[in-house]
Amino acid sequence: MLVATANVLRSITPAEAGAALDAVLDHRPDLVALQEWGPRRRAILRARPDYAWISPWYGENALLARRDRFGLVDARLRLVGGLGLADRDARDVPVLPPRTVLHARLHDRERDRAVSVVGYHLVPGVQRAGAYRDDRPRLVARHRLELRRLHAVVRHELDAGAEVWALGDANFDGLEIPGLVSAWAGRRDDPRGTLGPGSRRKIDDVFGPGPADDVVLLRSASDHAAVLARR
């Protein structure tokens, strides 16, 4: 199974966003999660007919699945954080909007089994030098809340017997999700990071059932590299 995640910066042009997505889809991944992918980019998804997609009007998360392999059972947004306040000087506007994860249940026709995919993008600005920041207690509390609720979604699906994938941008290097394995497990010393060139921070990840056999990074006009992990 080849699974990918890509944070495609919301401020780049539609042409640049389309090129970033095509660079991922050229590898023919089975499942893809996108972040910072608002509804104005739906036309880009419509032009890629080999993939079924879910792109809600709120949340800027999107999920894609190969049409020839997967059938959609259901999909929903799950609230992981409501309207809140940020710490002073942490954001231009010290208000945190509600934040969601996008959850889809699929039927894998190739293996005749249930697959559950969770796309996430957690609140930024919470980590420094590998740890939570002491000077941003509100943001840290919010990140921890979002993470607990993400964990709960994953645990519920694991307990139901589904194969679970959690894909996205945690804005935290070294994140763990109980019951799943990071694509970076055993690769923490890898000099590659998922932010700009030279960064070693691995905040974009593909969590799945067992360690990844291979991890590929793809650079684009976005400030994040896409992550493709094969298991």
Side-chain angles (χ1 to χ4, degrees), residues 3 5-10 33-39 54-63 74-105 116-160 162 164-185 188 193-195 201-209 223-224 227:
V3 182
T5 186
N7 183 326
V8 184
L9 185 65
R10 65 176 62 87
L34 303 174
Q35 302 87 49
E36 298 197 31
W37 194 275
I54 307 159
S55 179
W57 291 104
Y58 184 80
E60 292 195 329
N61 287 308
L63 294 174
D74 63 47
R76 65 189 66 188
L77 284 178
R78 296 184 179 273
L79 185 71
V80 293
L83 190 68
L85 292 176
D87 300 285
R88 183 179 298 177
D89 300 328
R91 299 168 64 95
D92 292 338
V93 178
V95 176
L96 299 173
R99 194 172 286 263
T100 61
V101 299
L102 179 56
H103 175 210
R105 294 188 178 104
S116 189
V117 187
V118 184
Y120 62 85
H121 188 191
L122 305 187
V123 68
V126 300
Q127 189 180 34
R128 176 187 288 158
Y132 277 122
R133 294 179 60 148
D134 293 334
D135 60 334
R136 293 186 174 175
R138 285 177 171 169
L139 279 183
V140 168
R142 173 59 176 265
H143 192 275
R144 284 175 164 154
L145 172 64
E146 293 176 5
L147 187 55
R148 285 197 303 273
R149 291 178 173 173
L150 172 61
H151 287 173
V153 174
V154 169
R155 175 48 54 194
H156 182 272
E157 296 303 297
L158 287 171
D159 289 346
V164 182
W165 298 84
L167 324 171
D169 172 9
N171 280 300
F172 195 92
D173 186 16
L175 190 84
E176 296 183 358
I177 298 181
L180 301 180
V181 181
S182 164
W184 296 108
R188 288 293 165 190
T194 65
L195 291 174
R201 296 186 68 215
K202 301 167 177 59
I203 66 175
D204 303 87
D205 208 338
V206 173
F207 286 88
D223 54 343
H224 290 242
V227 180

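For reference, positions follow the sequence shown, starting with 1.
Looking at heavy atoms from C-beta onward, Asp87 lies in side-chain contact with Pro137 at the 4.5 angstrom threshold. Using a 4.5 Å heavy-atom threshold, the side chains of Pro209 and Trp165 count as touching. Between Pro94 and Leu85, every side-chain heavy-atom pair lies at or beyond the 4.5 Å cut-off. Proximity of Val95 to Leu83: side-chain heavy atoms (C-beta onward) are separated by under 4.5 Å at one or more points. The side-chain heavy atoms of Phe207 and Leu175, taken from C-beta on, include a pair separated by under 4.5 Å. Considering only heavy atoms from C-beta on, Val101 stays 4.5 Å or farther from Leu77 through its side chain.
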side-chain contact (heavy atoms from CB on, under 4.5 Å) between Thr5 and Gln35, worked out: CA-CA 8 Å; Thr5 186; Gln35 302 87 49; 2.9 Å; yes
side-chain contact (heavy atoms from CB on, under 4.5 Å) between Arg133 and Leu139, intermediate numbers included: CA-CA 9 Å; Arg133 294 179 60 148; Leu139 279 183; over 6 Å; no
Full working for side-chain contact (heavy atoms from CB on, under 4.5 Å) between Val227 and Lys202: CA-CA 10 Å; Val227 180; Lys202 301 167 177 59; over 6 Å; no
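No donor-acceptor pair closer than 3.5 Å links the side chain of Glu36 to the backbone N or O of Leu9. Between the side chain of Arg78 and the main chain of His103, no donor-acceptor pair closer than 3.5 Å is present. Between the side chain of Thr194 and the main chain of Ile203, a donor-acceptor pair closer than 3.5 Å is present. Side-chain atoms of Asp173 do not come within 3.5 Å of backbone N or O of Gly130 as any donor-acceptor pair. With His121 contributing its side chain and Gly59 its backbone, the two residues share no donor-acceptor pair below 3.5 Å. At distances below 3.5 Å, at least one donor-acceptor pair connects side-chain atoms of Trp184 with backbone N or O atoms of Asp204. Judged purely by atom type and a 3.5 angstrom limit, Glu146 uses its side chain to pair as donor or acceptor with the backbone of Val123.
Within 6.0 Å of CG on Asp159 lie more than 12 heavy atoms contributed by other residues, nucleotides or ligands. Atom CG of Asp74 sits in a crowded spot, with more than 12 heavy atoms from other residues, nucleotides or ligands closer than 6.0 Å.
Here the closest heavy-atom approach between residue Arg136 and residue Asp89 is recorded as NH2-O, 4.0 Å. Scanning both residues, Leu158 and Pro178, for their nearest heavy atoms gives CD1-O, 4.1 Å. Between Tyr120 and Ala170 the shortest heavy-atom distance is CE1-N, 3.6 Å. Taking both residues in full, the closest heavy atoms of Gly38 and Ser55 are given as O-OG, 4.3 Å, listed atom of the first, atom of the second, then distance. Among all heavy-atom pairs drawn from Arg91 and Ala86, the shortest one is CD-CB, 3.6 Å. When all heavy atoms of Ala33 and Gly119 are compared, the pair lying nearest together is CB-CA, 4.5 Å.
Atom CG of Leu34 and atom CG of Leu63 lie 8.0 Å apart (nearest 0.5 Å). With values rounded to the nearest 0.5 angstrom, Thr100 atom OG1 is found 12.0 Å from Arg149 atom CZ. We find the CG-CG distance between Leu147 and Leu122 to be 6.5 Å, quoted to the nearest 0.5 Å. Here the CZ-CG distance, from Arg10 to Asp223, works out to 9.5 Å after rounding to the nearest 0.5 Å.
Shown here are the salt bridge (Lys or Arg N to Asp or Glu O under 4.0 Å) partners of Arg128, two or more places apart in sequence or in another chain: Asp135.
Here the options are Arg142, His143, Arg144, the test is side-chain contact (heavy atoms from CB on, under 4.5 Å), and the partner is Val140; only Arg144 passes.
No hydrogens or angles considered: a donor-acceptor pair under 3.5 Å links the side chains of Asp205 and Ser182.
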